[in-house]
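Remarks on the structure that follows.
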Amino acid sequence: MHDSASEPEVICEKRGHAGVITMNRPKALNALTLTMVRDMAQALDEWELDPSVRHIVLTGAGGKAFCAGGDIRKLYDLGKVGRQQEAVRFWREEYILNHRIKTYSKPYVSLIDGICMGGGAGVSLPGSYQVAGDNYLFAMPEVGIGFFPDVGASYFLPRLPDHSGFWLALTGGRIRLADAMALGLAGHYVPTAKFPALFDALAAAKDVGSTIAAFAEKPPGSTLRDDCRQIEAVLSLHDGSKIVEQLEGDEASSLEFARKTAATIRTKSPMSLAITLAQMHRGKGLASFADVMKMEFRIVSRICHGHDFYEGIRAVLVDKDNAPHWQPASFDAVDPAAVDAHFASLGDDELVFPVR
């Protein structure tokens, strides 16, 4: 037996033709730490030069979560004692890893069966293949803790159909397998019972695409795209106040989906929502994933010095009273100049990707 305290946070090993990365913090829902980011990056560097490794397979230990995001409680603790630059170091290296995965020269397969949120999306969505199991659960819930959807969300979410990515970003809505497949967040559905066999087949596979296709099945039906299509014109607006106003207005009042969306948005941080809405529209116009990551690094470098990030985590994870006191408290009170300031250049502190 192994002492759980001595278990590595991430396990990197070669199995057949595959370089396998297992995020190994099941009790913490495989939440990412700086150590994990660095170990994953090192493995990818080594395996890219190893001709015996033909593709990468990423998975999460424990059965409940693929990866629930970054370890935000650690980032909260650093910021509360004035050590924001240490927190920024985590985000800098995490974002570089996200970009590394996006530009990786070998097929990169994520086997997602369980919770995939925040940072979990960042280490899976940039890759070549996202395979979803029966227990798949996706969300970008950052606006509920005074943060913003990062790790490349500015690239992926605005490009989803029917402005569904805007709905995910502004509500933090949780979706399961059927909806993820309908939106394109997952490319293949493989029943959970077949995951062990798929894992073994990938270790032996020479062609990743055909191997996954051989295990894939038709997913269940979804209504989320239709729901988002009904309010797409509202979701496309640039003003958060107008979005909520129109979702609650006479024209949409008969739509239960619109009412629920408006009610959910009203519980989130107004500043985070304004930043998120701006990043979605800006991200949609950026062709380069690298430029998106640079933009998100500018935002995170400012937001970690603000109020709502710490207040949101306090309310959800520390005191657990679920009663955050946002500053400002309403959309109407958000200063557009304060939002724009999050997107300004960082000068010498800009995110720079290593030359390979």
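Numbers here simply count residues along the sequence, with the first being 1. Bear in mind that the values here come from a model prediction, so they are computed numbers and not experimental data.
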Salt bridge check, Asp321 against Arg314: does any charged N sit closer than 4.0 Å to a carboxylate O? yes
Electrostatic pair Glu256-Arg259, nearest N-O below 4.0 angstrom: no
I'd like to know if the side chain of His238 reaches the main chain of His281, judged simply by a donor and an acceptor atom lying under 3.5 Å from each other, with no hydrogens or angles considered. no
Side chains of Asp179 and Ser222: do they bring a donor and an acceptor to under 3.5 Å? yes
Between Arg229 and Asp226, is there a side-chain N and carboxylate O pair less than 4.0 Å apart? yes
Could you grab the distance from atom CG of Leu34 to atom CG of Leu97, nearest 0.5 Å is fine? 11.0 Å
Taking C-beta and beyond as the side chain, do Ser269 and Val143 meet within less than 4.5 Å on heavy atoms? no
Check whether any side-chain heavy atom of Lys64 lies under 4.5 Å from a side-chain heavy atom of Pro26, and answer yes or no. no
For Arg100, is there an ion pair with Glu48 - N to carboxylate O distance below 4.0 angstrom? yes
What distance do Cys304 atom SG and Leu78 atom CG have between them, rounded to the nearest 0.5 Å? 10.0 Å
Tyr95 backbone acceptor or donor facing His99 side chain under 3.5 Å: no
Would you mind reporting whether Arg25 and Met36 have side-chain heavy atoms less than 4.5 Å apart? yes
Hey, is the main chain of Ala61 close enough, under 3.5 Å, to the side chain of Asn24 for a donor-acceptor pair? no
Give a yes or no on whether the backbone of Leu202 and the side-chain of His55 come within a donor-acceptor separation of less than 3.5 Å. yes
Please check this pair: side chain of Glu296 against backbone of Ala153, looking for a donor-acceptor N/O pair closer than 3.5 Å. yes
Would you find more than 12 non-hydrogen atoms of other residues, nucleotides or ligands less than 6.0 Å from Arg174 atom CZ? no
Between Glu9 and Thr33, do the side chains contain an N or O donor and an N or O acceptor separated by less than 3.5 Å? yes
Has Gln42 got a side-chain atom pairing as donor or acceptor with Arg38's backbone, closer than 3.5 angstrom? no
Salt bridge check, Arg15 against Glu13: does any charged N sit closer than 4.0 Å to a carboxylate O? yes
How long is the gap from OG on Ser288 to OH on Tyr155, to the nearest 0.5 Å? 8.0 Å
Considering non-hydrogen atoms only, spot the tightest contact between His188 and Ala216 and give its length. CD2-CB, 4.1 Å
So, does Asn30 use its side chain to make a donor-acceptor pair with the main chain of Phe66 at under 3.5 Å? yes
Taking 4.0 angstrom as the limit, do Arg83 and Asp77 come out as a salt bridge? no
Between Ile175 and Leu183, is there a side-chain heavy-atom distance shorter than 4.5 Å? yes
Is the backbone of Gly283 close enough, under 3.5 Å, to the side chain of Arg159 for a donor and an acceptor to pair up by distance? yes
With a 4.5 Å cut-off on side-chain heavy atoms, are Val109 and Ser128 touching? no
Would you call the rings of Phe166 and His163 parallel, tilted or perpendicular if under 30° counts as parallel and over 60° as perpendicular? tilted
Taking all heavy atoms of Leu32 and all of Gly119, pick out the closest pair and write down the distance. CD1-O, 3.7 Å
Phe147 backbone acceptor or donor facing Ser272 side chain under 3.5 Å: yes
Determine the interplanar angle of the Phe289 and Phe156 rings, folded into 0 to 90°, and report it as parallel if under 30°, tilted if 30 to 60°, perpendicular if over 60°. tilted
Salt bridge check: are Asp308 and Lys268 linked by an N-O gap of less than 4.0 Å? no
For residues Tyr129 and Ser110, determine if any side-chain heavy atom of one lies less than 4.5 Å from a side-chain heavy atom of the other. no
Nearest heavy-atom pair of Ile96 and Val352: which atoms, and what distance? CD1-O, 3.7 Å
In terms of hydrophobic clustering (I, L, V, M, F, W, Y; side-chain heavy atoms under 4.5 Å; direct or indirect links), are Val57 and Ile112 co-clustered? no
Using a 4.5 Å cut-off on heavy atoms from C-beta on, say whether the side chain of Phe138 contacts that of Ile115. no
CD of Gln279 to CE of Met295, rounded to nearest 0.5 Å, is 5.5 Å
Closest heavy-atom pair and its distance - Leu157, Met140: CD1-CG, 4.3 Å
Can you tell me if Asp113 uses its side chain to pair, donor with acceptor, with the backbone of Asp134 under 3.5 Å? yes
Is the Phe257 to Trp167 ring centre distance short of 6.0 Å? yes
Closest heavy-atom pair and its distance - Val88, Ser301: CG1-OG, 4.2 Å
Rounding to 0.5 Å, atoms OH (Tyr310) and CD1 (Ile303) come to a distance of 10.0 Å
Using only heavy-atom distances, determine whether the side chains of Ser52 and Asp50 contain a donor-acceptor pair under 3.5 Å. yes
Show, in sequence, the C-alpha distance, side-chain angles and deciding distance for Glu248 and Arg266, and conclude whether the salt bridge (Lys or Arg N to Asp or Glu O under 4.0 Å) test is met. CA-CA 11 Å; Glu248 294 174 335; Arg266 284 199 177 278; 2.9 Å; yes
Hey, are the side chains of Ile101 and Leu58 touching, using non-hydrogen atoms and a 4.5 Å cut-off? no
